[in-house]
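No hydrogens, no waters, no symmetry mates; every other heavy atom, side chains included, goes into these values.
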Amino acid sequence: MTRYIIIKLARSAFTLWFVVSAVFLVLRASGDPLYSIFSLGTPESTLDIYREKWGIDKSIFEQYIIYFQDIFRGDFGTSFFDARPAWDLIVERLPNTLLLGGTTFVISVVAGVSLGAIAALMRGSKWDRGIMTVAVASFSMPSYFLGLLLILFFSLEMRWLPTAGAGTWQHLILPATTLGLTLSGTIARFTRSAMLEVLRQPYMRTARAKGASKWRQIVWHALPNAAIPTVTVIGFQLGWLIGGSVVIETVFSWPGAGRLFIVAVGVRDFAVVQMFILMVASTVIIANLLVDILYGYLDPRITITGIKK
Amino acid sequence: MSNTQNHGTNADHMAASPPLLEVRGLSVVFDTPEGSHQVVDHVDLKVSSGQTLGLVGESGSGKSVTCLAMLRLLAARGRVINGEVLFQEQDLLKLSEDDMTQLRGCKIAMVFQDPMVSLNPVRTIGWQISESLHLHQNISREAAKRRTLEMLDLVGIPEPKTRYNEYPHQFSGGMSQRAMIAMAIACEPKLLIADEPTTALDVTIQAQILELLSQLKSDLDMALILITHDLGVIAEAADEVAVMYAGRVVEEAPVFDLFDNPMHPYTLGLLNSLPRVDRKVDRLNAIEGSAPPPHEFVEGCRFEQRCGHCDDSCTGTRPDFKNIGTSRRVACMHPITTS
């Protein structure tokens with residue numbers, strides 16, 4: 001187990017280093033941030049003062065060394081724009097992002113898995129076709145487009161829900177629905193195919209032959225097997241969820257870290273962008289690690305190198 | 001429990017009490033996009049407690065479908081269109097689904113062909129066997145575990161305590177089949193249906209499993225239906241034999257009579273196709289041609305195309321069963337008589 005964790009951690013560290021370095025280079029290749037922060041016509045001499053103050057007058061290599069030294073000291077840089085630590089800026093917006101992402105995730109998993117299972121159990125029926133039509137439509141449609149449609153109908157036409165902002169549960173409904181429809185559509189489709197695969201396995205016939213009720217066959221015999229491929233997909237979707245929430249937070253002016261990130265990219269606010277990417281990469285890595293561990297619990301046939309069962 | 005029953009025919013026994021299971025005129029249709037095919041055609045079977053009925057035939061002859069239909073376990077596209085399945089004088093086809101669920105695994109249990117895939121891969125062996133007990137008996141967790149360990153021991157699985165917590169992938173084929181049998185007999189069923197229980201196993205393991213089934217049959221006074229395509233298995237384990245061909249039973253006889261004196265040309269062909277140790281043969285005597293697929297089933301004798309004894313009377317009308325003595329019957333226009 002220890003060996004396995006060490007290998008995993010080493011790989012994760014490498015991935016993080018790679019992502020962070022790539023972002024670092026791409027950002028600096030994208031142009032001088034001073035021109036997007038200060039208005040045109042500001043004298044170069046003024047800009048030079050700030051360049052020196054923010055340390056971007058040095059060579060890329062020097063900046064890179066300093067950046068990493070700072071990371072290990074727990075300093076993730078200072079926003080050019082707000083003059084506050086990037087860490088603080090992102091962390092204070094995290095609760096909103098987690099609220100939106102978490103709600104979406106929980107609802108999507110519950111809805112996606114149960115709808116997918118229902119579709120599989122009623123294969124070929126009206127329910128199956130109905131669920132799958134909605135699922136395919138929802139994940140084929142770009143989320144920002146779906147979001148706009150929902151705003152048009154529920155906010156502008158019916159005047160039931162606010163178009164933007166945060167604060168009450170009503171604010172949460174539209175962005176969470178937009179993100180959740182796409183996510184649960186994907187999960188439902190995978191659950192359905194996993195369930196269909198499981199339902200035609202001989203051990204399901206054994207369960208019937210031993211006199212298990214329909215409900216018991218599904219919950220105790222089929223679902224635990226169908227969960228194995230489904231969990232993989234859900235794990236992958238977590239990365240997608242973060243990406244999707246960046247877009248949705250912008251569409252619905254949701255005051256979360258994703259929207260901060262979009263603004264920061266626009267003004268080349270190096271520290272904030274780097275900090276956000278570092279955080280997203282860590283989240284995805286942790287999610288994949290959790291999926292791996294969960295796998296071992298779900299599927300007794302899998303023993304990870306180094307783990308003795 | 002009586003172990004005193006004779007092997008072979010027991011006409012007195014049959015007459016004294018109705019058989020445990022009697023199938024009458026069972027017909028099953030499979031609906032496919034190309035149309036409906038009647039894959040089981042008016043099958044009659046009987047089996048009594050303490051007896052083994054061997055159901056023999058080629059793949060696709062309808063033996064498994066017959067048994068699945070009896071337990072109402074057919075896939076959605078299969079349906080019974082005709083017949084009765086009398087178990088303890090009760091027609092199973094008329095029971096409610098709830099009553100049927102109660103009965104499955106409790107009074108009638110089934111063991112399947114491929115044990116490695118017939119056990120749920122994510123549940124421990126112990127969980128799967130004790131589930132049978134929990135489903136049909138009001139039994140505490142500890143009692144179920146104790147009983148499961150007994151069952152594991154009974155079917156000859158060494159170190160039951162360790163094996164209890166293991167998963168199917170940690171079991172060999174033979175051990176898996178033993179576990180399947182333990183699961184099936186946990187509630188001491190009256191009837192055990194074993195569908196090709198040894199086909200996926202090594203020959204040495206086959207003999208052990210058959211021995212185990214016979215042993216359990218007499219210990220628990222069960223009736224056993226043994227589905228197989230292997231005449232060797234029949235010779236070893238069956239008391240009565242029903243030979244199926246293309247969805248119909250063509251001959252029924254006590255096992256020794258069948259082997260000594262096959263009366264249906266198909267049975268004869270099957271027996272002739274076995275390799276003999278007492279004779280030197282260069283080639284096996286295979287039956288020419290192959291069994292017709294369901295969409296080519298005819299009303300007349302379905303073996304006609306491959307039969308050396310046929311004439312015009314074989315075409316068109318279904319050959320009726322002729323009773324030969326009290327214990328056997330054959331559905332052929334020109335049954336082979338002993339020379």
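The candidate with the highest count of non-hydrogen atom pairs below 4.5 Å against chain A, out of B/N120, B/L71, B/I193, is B/N120. Counting heavy-atom pairs closer than 4.5 Å to chain A, the top residue among B/D114, B/L119, B/T124 is B/L119.
A salt bridge links B/E150 with B/R147: the distance from a Lys NZ or Arg NE/NH1/NH2 to an Asp or Glu carboxylate oxygen falls below 4.0 Å.
Within residues 56-67 of chain B, no residue has any heavy atom closer than 4.5 Å to a heavy atom of chain A. Taking 4.5 Å as the heavy-atom cut-off, the residues of residues 207-229 of chain A that approach chain B are A/R208, A/A209, A/K210, A/G211, A/A212, A/S213, A/R216, A/W220, A/H221, A/P224, A/N225, A/I228, ordered by number. Heavy-atom neighbours of chain B within the stretch residues 122-142 of chain A, taken at a separation under 4.5 angstrom, are nonexistent. Inspection of non-hydrogen atoms places no residue of residues 151-165 of chain B under 4.5 Å from chain A.
Nearest heavy atom pair, residue A/T104 against residue A/L100, reads OG1-O, 2.6 Å. Heavy-atom minimum distance, A/N288 versus A/G235: OD1-O, 4.4 Å. For B/A182 against B/I129, the heavy-atom pair with the smallest separation is CB-CD1, 3.9 Å. Scanning both residues, B/Y167 and B/P121, for their nearest heavy atoms gives CD2-O, 3.8 Å. In terms of heavy-atom proximity, A/L94 sits nearest to A/A257 at CD2-CB, 4.5 Å. Closest heavy-atom contact between B/G83 and B/L93: O-CD1, 3.4 Å.
By the 4.5 Å heavy-atom criterion applied to side chains, B/P189 and B/M222 are counted as neighbours. In this structure the side chain of B/I205 never reaches within 4.5 angstrom of the side chain of B/T198, judged on heavy atoms. Looking at A/W254 and A/L172, their side chains come closer than 4.5 Å, going by heavy atoms from C-beta outward. Proximity of B/R79 to B/S36: side-chain heavy atoms (C-beta onward) are separated by under 4.5 Å at one or more points.
Only the side chain of B/L68 has a heavy atom closer than 4.5 Å to any heavy atom of chain A. Only the side chain of B/M180 comes within contact range of chain A, judged by heavy atoms closer than 4.5 Å. If you measure heavy-atom distances from B/H136 to chain A, the contacts under 4.5 Å come from the side chain alone. For B/Q128, the parts sitting under 4.5 Å from any heavy atom of chain A are the backbone and the side chain alike.
Using a distance-only test at 3.5 Å, with no hydrogens or angles considered, a donor-acceptor pair links the side chain of B/Q177 to the main chain of B/F112. Formation of a donor-acceptor pair under 3.5 Å by the A/T206 side chain with backbone atoms of B/S118 is found in this model. Under the 3.5 Å distance criterion, the side-chain polar atoms of B/Q102 are left unmatched by any main-chain donor or acceptor of B/D98. Under a 3.5 Å cut-off, the side chain of B/D91 and the backbone N or O of B/V85 do form a donor-acceptor pair.
Ring-plane geometry between A/W17 and A/F14 is classed as tilted, the angle between the planes lying from 30 to 60 degrees on a 0 to 90 degree scale.
Here the CG-CD1 distance, from B/L192 to B/I185, works out to 8.0 Å after rounding to the nearest 0.5 Å.
Atom CZ of A/F276 is surrounded by more than 12 heavy atoms from other residues, nucleotides or ligands within 6.0 Å. For A/K8, the NZ atom is densely surrounded, since the number of other residues' heavy atoms within 6.0 Å is greater than 12.
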